[in-house]
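Working notes for the structure below.
All chains are named by letter (A, B, ...) in the order of the sequence lines, taking the proteins before the strands, and each is independently numbered beginning at 1.
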Amino acid sequence: MSAATNVPAPKRRTWWPWVLGGLLAVLAVLFPLLPFGPRAEFATQTAIFTLIIATLALSWDLLARTGQLSLAHAAFYGIGAYTFALLAKYGPAWMTWPVEMLLAALVAALFSLLLGMATLRLSGMYFAIATLAFSEVVKTVIQNLPESIAGGANGMLVEPLLGGQTRAQYYLALGVLLLAVLTSLWVRASRLHYAFTAIRQGEEVARVLGVASTPYKLLAFFLSSFLAGLAGVLYAGKTFFIIPTDTFSLSVSVTALTTAIFGGLYTTLGPVIAAAVLTVIEELLKLRIPNGYLVVYGLILILTILFLPRGLMGLGRKK
Amino acid sequence: MNRTLIALTALLLAPSALAVKVGALIPLSGAGSVSGQAAKNGYQLALDEINASGGVLGKPLELIIEDDQSNPAKAVPAFVKLQTVDRVDFTVGGVSSATSVALSGPAKQYNAFMAWIGGAAVPVEDAFADHKYFFHYHPWSYYNFEAILDLFKYLKAKGAKNIALAYEDGPFGSAGVADTVAAFKKAGFNVVLQEKFKTGSGNFAPLINKAKGYDVDLFYWVGYDVDALPLASAIKEANFKPGLIYGTPPSWPVGFENNRLSSGIAGLSLWLPESPTKASRDFVAKYKKKFGKVTDEYFAPLAYTNLITLAAAINAAGSTDKDKVAAALAKTKASTPFGTLTFTSSNKIKYQGFKAGQWLHFQFMDGKRIPVFPIDYARKPVQYPQK
């Protein structure tokens, strides 16, 4: 074997994700200004929830890159939502909403570090079960706080973000998604990507190669839950109401992971495109098959996962 | 070509432009779907009747139904679509409390007229307290409890003393548990057990075995339809025999009455097909004619009542002006399957329809829901204690 064969072949750079990403970015910025006519308000409202799901899915994917399949994202989402709601209700007058938002995401991230430290030795389904249990624990704690504090099981009303102005809320949600996208791109472009991938592919081997898995996993937890917490804040400020059974629901975590898988795991654009595609599919199906659209929607998800194991982002790649 | 296109467009747009539009936001999927599907039938029955008798204001009534999926994140855009895309004149529906509260912001933003059939939890009352077009047909949760306490006091005279309370951990089950326990104690009961459960979890064996350790006269559970069968099954398996099992899910599982495990279980309903009033008998006959069989779910007649009374108010107002229709609806005095409907104030809102007086209690007997209390409406005496 010659020395030349040990040199890795230069990576073939694919251009289409960048073009698609650019087009999506332009479309996203112009979206509320598009001539939807009477559908404009509805389209913007739907788009806000789509951006929230995209952020949540991307945040889930960030942690998944270390090989950890989290079912705790509902907890981070819920902690972000509740912290924001409590700060808005009880926080000092000088605390503006951006500060409340930032603190809410930080609290979610700090909780994730606690969870991360407790579950460092776990992987696979043991990790998934532990994270699911974490969600349940947080939900139970919130429910059992005195009703006068956080509403208990009844839930609590939340101060609307940006006075409830739809277009402003849209651009805020878009800004948060942009932060998630930039975080993901930064992780991919930095040494973190190699560390995360090494940990995912074999933690023992990674350790032997000098990759200390603990700090990297904790960092992944931190980044992931910070973004999930921001998504929770957006949700709370959008629906004006949060309730433990919905906010900490397993379906929140499942939505995050199915969207990421549908789009393509370990990619930046995948979860974003998937959130948009799934929303459009759902709305179109609702128009065509009002009485059975969720069945068809579910089938599409199953078929995609079966036949496109690399998700939508795998469509343009050679096997 | 252009003329044909214009004519075609005009033809397509004509029915919508001429119709009075009502948007119905109900859960056709998710946790509240049994109630939502029943409500859908009630609305369709009312729609047929209204349009067969000339519609409203001489125009057809158009009903646009949206599925809120029992999920606030889905309900908000669906509600906004009704207000902005479909441009409905009025909104009806609503089952879940969580989705109802989430709609309070957009409802005020669009100044939406809401004639609401669900959302019984107190946070809904708080959220809509200052909305001038909010008419609430369903009793608030505190009215439900008032009715339950009446039955339990009646059973106390028959020796009932110890209550075991099991409740789901959401707002439906947990709202005001402390007040519930305090009210039971004030009425002279011993609350021997208070246990929370996760709705839909299916595993009730630990809870039931714990309850078996007490001398329980009344086992009272508050949860959803998905909990009914696993609970009944766990009770049977553990051979737990309280004097009465009493449940208050918003809807019971489809066909539950045909399962032998349901025998003797009691519950609460706003209405039963056996109700002897003329309005109820009329509703049953019409429902049977349209759908082939009758339903036990009270959200069907409630939705029917909702749309019929709204249409009557629009006609009485002589316009779709919200203030005029609100004034007309506020004056409603209609015979309904639940009794006479009038709107009076509740603790916090101005227009509350049904209250505690409309609730009745039934017991599953011989594959049916048999009314057992209040005595005036009972077709059989309540079986207490259960053998």
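With a threshold of 4.5 angstrom between heavy atoms, A:Glu136 approaches chain B through side-chain atoms but not through N, CA, C or O. Of the atoms belonging to B:Tyr110, it is side-chain heavy atoms, and not backbone ones, that fall under 4.5 Å from chain A. B:Gln83 does not touch chain A: none of its heavy atoms, backbone or side chain, sits under 4.5 Å away. Interface remark: A:Thr44 contributes no atoms to any contact with chain B (heavy atom separation under 4.5 Å). For chain B, no part of A:Phe36 is nearby; none of its heavy atoms comes within less than 4.5 Å.
Between A:Thr245 atom OG1 and B:Glu168 atom CD the span is 7.0 Å, to the nearest 0.5 Å. One distance of note links CZ of A:Phe49 with CG of B:Asn71; it measures 8.5 Å at 0.5 Å rounding. Annotation: the span from B:Asp86 atom CG to A:Phe42 atom CZ amounts to 9.0 Å, rounded to 0.5 Å. Here the OG atom belonging to B:Ser96 is positioned 7.5 Å from the CD1 atom belonging to A:Ile243, to the nearest 0.5 angstrom. Note that CZ of A:Phe240 is 7.0 Å distant from CD of B:Gln109, once rounded to the nearest 0.5 Å.
Residues A:Lys286 and B:Lys74 form no side-chain contact, since every pair of their non-hydrogen atoms from C-beta on lies 4.5 Å or further apart. B:Lys196 places none of its side-chain heavy atoms less than 4.5 Å from the side chain of A:Thr140.
The greatest number of non-hydrogen atom pairs below 4.5 Å with chain A, out of B:Gly105, B:Ser104, B:Ser70, B:Ala73, is found for B:Ala73. Chain B forms more heavy-atom pairs under 4.5 Å with one residue of A:Lys139, A:Glu282, A:Gln45, A:Gln143 than with any other, namely A:Gln143.
Residue B:Ser29 comes nearest to A:Tyr293 through the heavy atom pair OG-OH, 4.4 Å, listed as atom of the first residue, atom of the second, then distance. Summarising the geometry of B:Val85 relative to A:Pro38, their closest heavy-atom pair is CG2-O, 3.6 Å, with the distance given to 0.1 Å.
With a 6.0 Å radius and a threshold of 12 heavy atoms from other residues, nucleotides or ligands, B:Tyr287 has its OH atom above the threshold. With a 6.0 Å radius and a threshold of 12 heavy atoms from other residues, nucleotides or ligands, B:Lys185 has its NZ atom at or below the threshold. The local environment of OH in A:Tyr126 is sparse, with at most 12 non-hydrogen atoms from other residues, nucleotides or ligands closer than 6.0 Å.
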